[in-house]
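So the structure is just underneath, and the comments pick up after that.
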Amino acid sequence: MSASTSPTDAGRLEARYPVLAELSAPARTRLLQSAHWMHVPAGAMLFDDHQACEGFPFVVEGTVRVSKCAPSGRELPLYRVGPGETCIISSSCLLGHEDYNARGVTESDTLLMLLPKAVFDDMMGERPFRDFVFHLFAERIADLMQLIEEVAFRKLDQRLAALLLGKGRVLHVTHQQLADELGSVREIVSRLLKSFAEQGLVKLAREQVEIIDPAGLRRMAAEGKGAA
């Protein structure tokens with residue numbers, strides 16, 4: 001981690017987050033001078049339940065997966081934060097002076113800039129920055145509402161069918177990875193995939209799912225829509 005900002009780092013940051021160029025000159029200078037840069041390997045935990053939020057992350061490269069975790073170990077993926085995006089869990093914790101209530105893990109090698117809490121508070125006084133935070137906050141809330149609808153009103157087989165679609169004809173993925181995406185357990189997902197295979201919808205191999213009947217999967221996925 002480095003507390004200094006090189007011209008290259010600053011350029012990459014502003015390329016990902018054009019709103020920074022709209023800040024007042026003093027605000028932009030303070031933001032860049034206070035930046036804490038982090039190079040984080042894939043699979044690293046950035047934050048977890050009940051940890052204090054130390055700052056506001058700007059993702060320059062890579063992806064962070066944010067999930068809600070149960071004591072049993074099951075996880076429900078909430079959203080991913082990529083370059084140019086924000087983490088609403090972090091912003092809500094900073095605005096509400098609360099600890100984290102979710103887990104953030106890097107999915108690939110990640111470069112991010114962490115803006116300290118005190119500087120984040122000052123930046124919220126800058127209208128362009130405040131509008132940026134709240135605009136993406138609203139977008140994330142809409143995504144989470146859709147996720148709630150999926151989990152609450154669609155059966156797991158319908159959600160699995162929808163998950164398999166749109167990723168190409170052959171998916172190189174484990175049953176555990178699919179279960180993690182759905183917030184379920186591997187045994188149930190394996191049973192559903194076996195049922196899909198028996199119906200001729202997919203063909204299973206080790207760490208691989210081949211789509212045989214995409215139209216059939218689409219029909220299954222569509223059955224859950226509008227059921228609420």
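Position 1 is the first residue of the sequence; numbering continues from there.
With values rounded to the nearest 0.5 angstrom, Leu160 atom CG is found 9.5 Å from Leu165 atom CG. To the nearest 0.5 Å, atom CG of residue Asp143 and atom CD1 of residue Ile148 are 11.0 Å apart. Between the CG atom in Leu178 and the CD1 atom in Ile188 there is a gap of 13.5 Å [rounded to 0.5 Å]. To the nearest 0.5 angstrom, Leu201 atom CG is 9.5 Å from Leu164 atom CG. For the atom pair CD (Glu14) and CD (Glu22), the distance works out to 11.0 Å, reported to the nearest 0.5 Å.
Contact between Pro41 and Thr106 at its shortest, heavy atoms only, is O-OG1, 2.6 Å. Considering every non-hydrogen atom in both Leu20 and Leu31, the closest pair reads CD2-CD1, 3.9 Å. When all heavy atoms of Val185 and Ala179 are compared, the closest pair comes out as C-CB, 3.6 Å. Closest approach of Arg103 and Val105 over heavy atoms only: CG-CG2, 3.8 Å. Residue Ala102 comes nearest to Leu78 through the heavy atom pair CB-CD1, 4.4 Å, listed as atom of the first residue, atom of the second, then distance.
For Glu54, there are no side-chain hydrogen bond (donor to acceptor under 3.5 Å, both in side chains) partners at least two apart in sequence or on another chain. Residues meeting the side-chain hydrogen bond (donor to acceptor under 3.5 Å, both in side chains) test with Asp157, sequence neighbours left out: none. Listed by chain and number, the residues in a side-chain contact (heavy atoms from CB on, under 4.5 Å) with His135 are Glu139 (sequence neighbours excluded). Looking at residues two or more places apart in sequence or on another chain, you find no side-chain contact (heavy atoms from CB on, under 4.5 Å) involving Pro18. The side-chain hydrogen bond (donor to acceptor under 3.5 Å, both in side chains) test applied to Asp99 returns no partner, not counting sequence neighbours. Evaluation of the side-chain hydrogen bond (donor to acceptor under 3.5 Å, both in side chains) rule for Arg16 yields Glu61 as partners, not counting sequence neighbours. Take Leu204 and apply the side-chain contact (heavy atoms from CB on, under 4.5 Å) test, not counting sequence neighbours, and it matches Leu193, Ala197, Val202, Val209. For Glu210, the side-chain contact (heavy atoms from CB on, under 4.5 Å) test picks out Arg169, Val170, Lys203, Ile212, with sequence neighbours left out.
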Please tabulate, for the side chains in residues 83-93, all donor-acceptor contacts under 3.5 angstrom to protein atoms that are two or more places apart in sequence or on a different chain.
unit_1: Glu85; atom_1: OE1; unit_2: Gly82; atom_2: N; d: 2.7
unit_1: Glu85; atom_1: OE1; unit_2: Arg140; atom_2: NH2; d: 3.1
unit_1: Ser90; atom_1: OG; unit_2: Tyr100; atom_2: OH; d: 3.0
unit_1: Ser91; atom_1: OG; unit_2: Cys87; atom_2: O; d: 3.4
unit_1: Ser91; atom_1: OG; unit_2: Ile88; atom_2: O; d: 3.1
unit_1: Ser92; atom_1: OG; unit_2: Ile88; atom_2: O; d: 2.9
unit_1: Ser92; atom_1: OG; unit_2: Ile89; atom_2: O; d: 2.9

Which pairs would a plain distance check flag for residues 126-133, meaning a side-chain donor or acceptor within less than 3.5 Å of a matching protein atom at least two apart in sequence or in another chain?
unit_1: Glu126; atom_1: OE1; unit_2: Ser24; atom_2: N; d: 3.2
unit_1: Glu126; atom_1: OE2; unit_2: Ser24; atom_2: OG; d: 2.9
unit_1: Arg130; atom_1: NH1; unit_2: Met124; atom_2: O; d: 2.9

Indicate every side-chain donor-acceptor pair of residues 110-121 with a distance under 3.5 Å to a residue at least two apart or in another chain.
unit_1: Thr110; atom_1: OG1; unit_2: Ser108; atom_2: O; d: 2.7
unit_1: Lys117; atom_1: NZ; unit_2: His97; atom_2: ND1; d: 3.3
unit_1: Lys117; atom_1: NZ; unit_2: Asp121; atom_2: OD2; d: 3.1

side-chain contact (heavy atoms from CB on, under 4.5 Å) between Gln176 and Val189, worked out: CA-CA 8 Å; Gln176 184 63 59; Val189 169; over 6 Å; no
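Side-chain atoms of Arg219 and Asp213, non-hydrogen and from C-beta on, do get closer than 4.5 Å to each other. Leu217 is listed as a side-chain neighbour of Phe196, based on a closest heavy-atom distance under 4.5 Å. A heavy-atom distance below 4.5 Å is found between the side chains of Tyr17 and Val59.
Side-chain N or O atoms of Lys167 include none that pairs as donor or acceptor with a backbone N or O of His172 at under 3.5 Å.
Here side chain to side chain donor-acceptor pair (under 3.5 Å) pairs that include residues 181-197, with residues two or more places apart or in two chains, are Arg65-Glu181, Arg80-Glu181, His175-Ser190, Ser195-Gln199.
In the hydrophobic clustering of ILVMFWY residues, with side-chain heavy atoms under 4.5 Å counting as a link, Leu144 and Val64 come out together.
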